[in-house]
Structures are given as structure tokens and as C-alpha cells.
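Input: a single structure, listed below in C-alpha cells.
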Amino acid sequence: MRARKTTTIQWLGAAEVDGYAAILCDLDGCLIAAGRALPGAEDFVRAAGKRLSIVSNNSADTCVTLSAKLNAIGLPLPKESIFLAGELAVRTIAAERPGARIHVIAEQPLHTLAAELGLERANNRTDVVLLARDTKFTLTGLEKALRLLEQGAELVVTNPDLSHPNADGRPVPETGSLLAAFKACCPEIAPRVIGKPQPFLINAALEAAGVPASEAVFVGDNAATDGAAATLAGLDFIHVVATPSPIVNGAPAKEPMPSAHPSSVEASTC
């Protein structure tokens with residue numbers, strides 16, 4: 001694998017992505033927080049234009065539902081440019097196991113997508129247990145899912161993130177927190193993970209853009225998932241390490257934070 005460049009910045013700006021044919025960008029912590037656009041996000045999206053794809057471990061939305069939400073907050077991103085761990089997980093299962101019996105632990109958009117793709121909702125003797133972020137997750141649901149796994153179902157996990165940041169930087173529990181509950185009960189569980197740090201989302205975005213990895217950059221705020229995925233896919237990585245914006249009337253302050261001069265570090269990976 002080629003040596004890749006990692007650039008660390010405090011705040012996302014258009015200058016850092018000049019010269020790239022494709023810009024792949026994480027969502028939470030880079031462009032939005034707590035469902036609101038971060039300072040500078042609108043300008044960045046406008047400057048990146050058609051080169052921009054969202055590559056996110058979001059497992060609560062589909063490209064359709066997320067595109068609508070982003071347009072509503074001033075980030076006009078078409079569904080064709082959005083690649084999400086939850087949606088890719090469902091589509092992967094449907095492609096590999098047409099008509100499979102599936103038990104979905106997720107928010108409603110993934111339930112709907114699974115049904116649209118012909119996957120059969122099942123509560124007993126399922127082929128696959130799909131674990132995504134689910135705000136209605138319960139101990140009863142955990143016990144049921146563990147029973148299905150004991151009966152031979154495969155565990156597919158949308159993403160391993162323990163949390164994502166809210167507007168003031170505090171952690172919001174993510175799918176990885178739910179996976180930790182599974183492993184606490186059955187440490188030997190070895191799930192199949194679809195989202196970052198696996199490179200599947202990045203590869204899908206590059207294929208859609210028709211751009212080789214050598215001409216693309218990945219932007220993210222999490223070195224353990226975003227940075228690792230960029231490394232595996234062979235992309236340059238821009239690491240956004242931002243101090244949380246102050247909150248004014250429940251929303252991030254509108255003034256952008258001062259940006260430190262970007263620092264570049266060459267790293268060889270194998």
C-alpha cells in the first residue's frame with residue numbers, strides 16, 4: 001500500500017481539499033453536530049461541489065432520509081452522494097442472501113429498507129441479526145437477539161463506534177455501545193462489521209465517483225475509524241480535531257473557530 005499523507009486541522013475549510021478529484025467526508029463532528037450544521041459547513045459543501053461524498057457510519061438513516069435532513073439545514077447533498085454504514089449493511093445482506101430471514105435492531109428507516117429489498121422480518125430461526133444504533137434497545141431485546149445467535153444466525157454490525165459527539169463535544173452512545181453489551185454476555189461473539197474502519201463505504205463512494213484512491217481524500221474526526229479506513233483504502237486523510245463550539249440558545253455558535261495552520265505528517269503503512 002502506498003504511503004499516505006495525514007493532515008491535522010482544527011476546523012474544516014475548502015483550502016485543505018484543493019487538488020483532489022474526489023472528497024469523501026464523515027458527517028458527525030465534521031459537518032454537523034446534534035443535527036445542526038457546524039460553522040463553515042455550508043461553505044465547505046458549496047466549495048467541494050460535485051466532488052463531495054458523505055461517507056458516514058450513520059446507521060439510523062438511509063441516503064434518502066439523510067439527504068432530506070441535510071437539505072433542511074442548508075447542506076444540499078443529493079442522495080446519490082451519501083454512503084451510510086446502515087444502508088450498506090442492509091443492501092449487502094440483501095445482495096448476498098436474497099429473501100433472507102432477518103432480525104433488525106435499528107431505527108425505522110433500516111426496517112423499511114430491509115422490507116423494500118425483500119428481506120423477511122423474522123423473530124425466530126433467523127438467518128441474520130442486524131445490529132445498528134437503536135434508541136429503543138432493551139435488555140429483553142438483547143436476550144432475544146442472543147438466543148437467535150445461539151440458534152445459528154449471523155451477527156452483522158453496521159459500525160463499531162462507541163459514540164459520536166454532540167454539539168458541545170459530549171458523547172452520544174452509538175452502535176458499538178450496544179455491541180459491547182452483546183460481548184459482555186458472550187465474549188466469543190465475532191460479528192461481521194460493515195462500516196468504518198472497514199473500507200467498504202470508501203470503496204463504494206470511489207466506485208460511484210469513478211475516481212481512483214490516489215486522487216481522493218478522506219476527511220474525518222475519528223482517527224480510529226476514519227483514519228484507519230482511509231489507510232486501508234489508500235487515501236490521504238484529513239483529521240479534523242476541533243474544540244467544540246460554544247452553545248448559544250441551544251445551537252452551535254455561528255462564528256467559525258480560528259483554524260490552526262495545518263500540519264502534515266507522512267506515514268508509511270503496510
**Q.** Side-chain (Asp161) to main-chain (Ser163) donor-acceptor, under 3.5 angstrom
**A.** no
Q. How far apart are the closest heavy atoms of Asn57 and Pro160, and which atoms are they?
A. ND2-CD, 4.1 Å
Q) Can you hop from Val157 to Leu142 via hydrophobic side chains spaced under 4.5 Å? A) yes
Q.
Using the side-chain contact (heavy atoms from CB on, under 4.5 Å) criterion, which residues pair with Phe200? Sequence neighbours excluded.
A. Leu88, Gln198
Q. Quick one: CG on Leu235 to CZ on Phe218, what's the gap to the nearest 0.5 Å?
A. 8.5 Å
Q) In chain order, what residues pass the salt bridge (charged side-chain N to carboxylate O under 4.0 Å, His left out) check against Glu96, with sequence neighbours excluded? A) Arg192
Report all side-chain donor-acceptor pairs from residues 123-133 shorter than 3.5 Å, counting only partners two or more places apart or in another chain.
unit_1	atom_1	unit_2	atom_2	d
Asn123	OD1	Lys144	NZ	2.9
Asp127	OD2	Arg101	N	2.8
Arg133	NE	Pro173	O	2.8

Q. Would the number of heavy atoms belonging to other residues, nucleotides or ligands and lying under 6.0 Å from CZ of Arg97 be above 12?
A. yes
Q) Charged N to carboxylate O under 4.0 angstrom, Arg91 versus Glu87? A) yes
Q. Honestly curious: do Ile105 and Ile93 fall in one hydrophobic cluster under the side-chain, below-4.5 Å linking rule?
A. no
(Q) Can you confirm whether the side chains of Ser59 and Thr175 place a donor and an acceptor under 3.5 Å from each other? (A) yes
Q.
Applying a strict under-4.5 Å side-chain criterion to I, L, V, M, F, W and Y, I'd like to know whether Leu12 and Ile73 cluster together.
A. yes
Q | Sequence-distant partners of Phe237, ring-ring contact (aromatic ring centres under 6.0 Å, His included), two or more places apart | A | His239
Q.
Are more than 12 heavy atoms, taken from residues, nucleotides or ligands other than Glu207, located less than 6.0 Å from that residue's CD atom?
A. no
Q) Given Ile102, which of Leu119, Val90, Val156, Leu117 fulfils the side chain to side chain contact (heavy atoms under 4.5 Å, CB included) condition? A) Leu119
(Q) Side-chain heavy atoms nearer than 4.5 Å, only ILVMFWY residues, links allowed to pass through others: does that put Leu179 and Leu146 together? (A) yes
Q | Joint cluster assignment, Leu75 & Val17, ILVMFWY side-chain distance < 4.5 Å | A | yes
(Q) Return the CD to OH distance between Glu215 and Tyr20, rounded to the nearest 0.5 Å. (A) 11.5 Å
Q: Give the C-alpha distance, both sets of side-chain angles, the deciding distance and a yes or no for side chain to side chain donor-acceptor pair (under 3.5 Å) between Thr112 and Gln108.
A: CA-CA 6 Å; Thr112 301; Gln108 188 57 46; 3.2 Å; yes
Q.
Assess whether a salt bridge exists between Lys183 and Glu188, defined as any Lys/Arg side-chain N lying under 4.0 Å from an Asp/Glu carboxylate O.
A. no
Q) Taking atom NZ of Lys50 as the centre, does the number of heavy atoms from other residues, nucleotides or ligands within less than 6.0 Å exceed 12? A) no
What donor-acceptor contacts under 3.5 angstrom involve side-chain atoms of residues 24-32, with partners at least two apart or in another chain?
unit_1	atom_1	unit_2	atom_2	d
Asp26	OD1	Lys196	NZ	3.0

Q. Which heavy-atom pair separates Ala230 from Asp236 by the least distance, and what is that distance?
A. CB-O, 4.4 Å
Q: Measure the CG-CG distance between Leu162 and Leu178 for me, rounded to the nearest 0.5 Å.
A: 10.0 Å
Q) So how far is it from Ile82 CD1 to Asp61 CG, rounded to the nearest 0.5 Å? A) 9.0 Å
Q: May I have the step-by-step check of side chain to side chain donor-acceptor pair (under 3.5 Å) for Glu107 and Thr135, ending in yes or no?
A: CA-CA 7 Å; Glu107 299 296 329; Thr135 54; 2.8 Å; yes
**Q.** Partner set under side-chain contact (heavy atoms from CB on, under 4.5 Å) for Asn203, not counting sequence neighbours
**A.** Pro199, Ala233
Q) Is a donor on one side and an acceptor on the other found under 3.5 Å between the side chain of Ser81 and the backbone of Leu77? A) no
